[in-house]
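The structure appears below as structure tokens.
Here is how names work: the chains are called A, B, and so on, in the same order as the sequence lines, proteins then strands, and each is numbered from 1. FYI, side chains are in, hydrogens and waters are out, and symmetry mates aren't considered; it's all heavy atoms of this structure.
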Amino acid sequence: MGGLGRPYLYLLGSIFYSNYQIKGVAARGISLVGAMAIIEGTVERITFRNEDNFYTVFKLLASTGDLHTCVGNLPRIVVGEELKLFGEWTKHEQYGLQFNTETAIPCTPTTTLGIERYLGSGLIKGIGPSTAKKLVEKFGLKTLDIISNEPHRLTEVEGIGEKKGEIIAKAFLEQKDIQDVMVFLQGNGITPTYAVKIFKVYGKESVQIVQENPYRLADDIFGIGFKTADTIAKNIGFKEDDPHRIRAGIRYALGQAIEQGHTYLPDEELIKTASELLGVDVKKDFLAELGKAKQLIIEEDRCYLPSLYEAECNVAQRLKELTRYVPSLPFDLSIESEFKLAPEQEQAVKAAMQEKVLVITGGPGTGKTTITKVVLTMWEKAGFKILLGSPTGRAAKRLAEATGRPAKTIHRLLEYGFGNGGMSFQRNEDNRLKGDALVLDEFSMVDIRLMDSLLKATDDKMRLLFIGDCDQLPAVGPGNVLKDLIASNRIPVVRLTKVYRQAEQSQIVMNAHRINQGYFPEINNQGDFVFMERKEPKEIATLILDLVSSRLPSHIEKRFNLSDPLDAIQVLTPMRRSETGVDNLNRLLQARLNPAGKKNEIQLGYRLLREGDKVMQIRNNYQKDVYNGDIGRITRIDPEERLLEVLYNDENGDRLVNYEEEEIDELTLAYAISVHKSQGSEYPIVVMPVTTQHYMLLQRNLLYTGITRAKKLVILIGTKKALFLCIKNNKTSARYSYLANRLQEE
DNA sequence: GACTTTTT
């Protein structure tokens, strides 16, 4: 049974026992013993159904006359259908005795009533309840035989002409096709959900297509990747060195590289990773072959997926086009004096007046916001219509607050939405953005694809101002856009180095700079930068708990004049899993800081939320005006109504936001959050583990981003070795990208 | 040693 996934079989409107079905049932017979039970009956009522995952709660009227509550993931179910269910009885806390269905096989209806209900269920196009009634009145128990074997006799029924008879017979046969396909697919390790998706795309050719080249599934079916396709291929007897497998594997390897941030891979490296991945020696000829088939773009030794090659070339070409046109505005000294600019900042504003495309980069506290405000004021004075955007919802909100002007996410700016048969940007080369200038903040988070979309939608005459911190974490998506623009030396750049916001003697700032330059931070634990040595992950977690629950809070009021420790202290950690990861720390911190008691709670899946919990919104919600990364406190949970209320505190003061049950998955515990999530936010005090447990994520810019989130105090806990590894690992800047070179090409 | 995550 290996590789078959869940022992799960469901036949769509099965009437015929085809070969596939017999094989399928026989194969599963082994597992239908022991704890498994079998019940049979008619579907009486569907109580609940989720069309996304086919989770269904229904009542089954058994032949004994009992009415059973049954649950399970059934891709297709209709009232009146007779089903044989394989599964086990379970006891649900709230709903009592239930039959948990693993496998459901529709039975051929055995009574005239069953046949009538089955045919009239809507399962077969062209037959409704009244036609079903007439058919059964005429043919009785033989109705189904006649539809499939003697369809011409259907005209004997009053009201059914030749045409309608044909439609009915055809729809009935289609059901049989679906059934065959479903049985074949499910028999080869494909879950019912995907079997339905596959059938929707390939129709009755599904079996043939999958048998010929299961790797096509990875291209054609959303949600099926190389791994699943490979499992299916194995099941139906594909060899490890099958050319289909190798070609698909090469593209998968390239896809993996893209997930790591590369825009291309050099051919040698692609061959090496593909060979390792497939467990087969991949010959270089395959690359050339894929190149010929346009499934790969090969430029010298660089191998690209076509979409990324286009994106990278277009970004370079578009930037060259846009910079060709050079406008100039006078630099207005009267505004400058209002804002009191330092020389470096003045230079940045001047550049923004003169350049068509400009990059301003600098760390926290170097005055990026001030500069932005001055530039906006001056541009507005010149009568410019200005667009403001950020890669994330939260950053857009902050930009709007900081500048007092509307700002949107880049996605909203480009009107991401349904069109052209799918989700896409409605602002594009055919429908460009209107305006004189576009200002983008947190530009380090923009990847090559988004940059491509953005430049396509940018009007030729529009000025572009990109603002970001090139030492922060790179974009999640592929490319190194900000760093490449800077490295190319073809785009005007202003680098802000002087820190104005934090006191010069701040060790946070000083050490952030040291780390950036690859030096070990100065640690004397006298100032605002503290390192506490702990080796074992357990010790680290314990120390974090102690610090956050008792040791720090007693200091907070005296030293920092902060009242609420929960607001003031933020635990940051590089990853989700592991003992010192987000999930575990949240569990521990919730138990310590907000233990169970008289407070109301709500349990959703594995997540437990309690009144008083510190939570974070993890999706933009424009109706509620809360954004991915916003942190608040649960003030009330109504377990009866399954409602929840969160208090957010932002520039506009306190604000209560209500969540209904189905919206609660937009929230997660936020006692500890990932460093990635913290990007763009600042906290008075940051506590962060630095341990070799997080080996893969010990990166310089991750450490840099983490510590620069702290305004007053940062406490690192872990080993000097881990800290050292972090600082030495500058690999993220070594993403394969050719954008800088393309910008330099004439 | 295998990890982070944006957008609608």
Side-chain angles (χ1 to χ4, degrees), chain A residues 222 227 253 256-262 273 276-277 389-398 407-428 440-454 457 468 472-479 481-482 537 572-584 616-624 626-630 666 668 672-681 688-706 709 721-722 725-726 729 731-732 735:
Chain A
F222 185 82
K227 286 263 162 80
Q256 296 281 93
I258 289 165
E259 231 159 68
Q260 283 162 32
H262 303 294
T273 46
E276 279 166 14
L277 189 101
S390 283
T392 68
R394 194 176 151 70
K397 191 187 175 194
R398 265 202 328 275
K408 292 178 178 176
T409 63
I410 296 175
H411 280 74
R412 274 170 89 86
L413 219 49
L414 300 183
E415 295 167 26
Y416 186 70
F418 196 81
N420 290 326
M423 294 300 279
S424 59
F425 292 110
Q426 306 308 301
R427 291 287 180 175
N428 50 39
L440 289 185
D441 194 21
E442 296 289 354
F443 189 65
S444 58
M445 296 193 235
V446 173
D447 66 30
I448 192 76
R449 291 194 184 105
L450 190 58
M451 185 65 171
D452 179 31
S453 304
L454 186 83
Q472 279 203 29
L473 295 166
V476 170
V481 179
L482 177 56
L572 300 181
T573 176
M575 58 192 269
R576 307 203 65 82
R577 278 177 289 182
S578 96
E579 213 161 347
T580 52
V582 174
D583 295 337
N584 191 48
M616 177 168 62
Q617 170 82 17
I618 52 167
R619 271 204 295 277
N620 293 339
N621 189 323
Y622 292 92
Q623 277 97 45
K624 293 192 196 301
V626 284
Y627 302 90
N628 194 349
D630 284 354
E666 292 182 7
T668 164
I673 67 172
S674 70
V675 178
H676 274 83
K677 277 272 184 206
S678 76
Q679 192 158 225
S681 300
M688 184 165 132
V690 185
T691 153
T692 42
Q693 226 190 350
H694 302 148
Y695 185 82
M696 282 316 290
L697 284 166
L698 290 179
Q699 295 163 9
R700 187 189 295 176
N701 42 14
L702 198 115
L703 180 66
Y704 171 85
T705 303
R709 298 309 95 202
K721 184 186 167 199
L725 287 171
C726 245
N729 181 0
K731 259 188 199 151
T732 40
R735 291 179 167 199

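- Minimum atom distance to the side chain of T409(A) is reached by dT8(B), of the listed dA2(B), dT8(B), dT4(B).
- Smallest separation of non-hydrogen atoms from A475(A) and R735(A): O-NH2, 2.9 Å.
- For the pair L698(A) CG and dA2(B) P, the computed distance is 13 Å after rounding to whole Å.
- L725(A) places its CG atom 15 Å from the P atom of dA2(B), with the value rounded to the nearest Å.
- Listed by chain and residue number, T580(A) satisfy the side-chain hydrogen bond (donor to acceptor under 3.5 Å, both in side chains) test with Q693(A) (two or more places apart in sequence, or in another chain).
- Y695(A) places its OH atom 14 Å from the P atom of dC3(B), with the value rounded to the nearest Å.
- Under the salt bridge (charged side-chain N to carboxylate O under 4.0 Å, His left out) criterion, K624(A) pairs with E663(A), sequence neighbours left out.
- Pairing each heavy atom of L698(A) with each of A722(A), the nearest pair is CD1-O, 4.0 Å.
- Comparing atom distances between the Q260(A) side chain and each of dT4(B), dT7(B), dC3(B) picks out dC3(B) as nearest.
- Atom C1' of nucleotide dC3(B) and atom NE2 of H676(A) are separated by 9 Å, given to the nearest angstrom.
- At the phosphate of dC3(B), OP1 or OP2 sits under 4.0 Å from a side-chain N or O atom of R577(A).
- Separating the CZ atom of R619(A) from the P atom of dT8(B) is a distance of 11 Å, rounded to the nearest angstrom.
- When each of R394(A), R398(A), K397(A) is paired with E442(A), the salt bridge (Lys or Arg N to Asp or Glu O under 4.0 Å) condition holds for R398(A) and for no other.
- Here the side chain of Y416(A) is nearest to one of dT8(B), dG1(B), dT4(B), namely dT8(B).
- As rounded to whole Å, 13 Å separates atom P of dT4(B) from atom CG of L473(A).
- Of the two residues contacting DNA chain B, namely T392(A) and E259(A), the nearest-nucleotide position lying further toward the 5' end is that of E259(A).
- In this structure, NZ of K677(A) is placed 18 Å from P of dC3(B), rounded to the nearest angstrom.
- Counting non-hydrogen atoms under 4.0 angstrom, M445(A) reaches nothing in the nucleic acid.
- Residue contacts shown for N628(A) are limited to sugar-phosphate atoms, with no base heavy atom under 4.0 Å away.
- Counting any heavy atom pair closer than 4.0 Å across all strands shown, Y622(A) reaches sugar-phosphate atoms only and no base atom.
- E666(A) has its CD atom 16 Å from the C1' atom of dT6(B), to the nearest Å.
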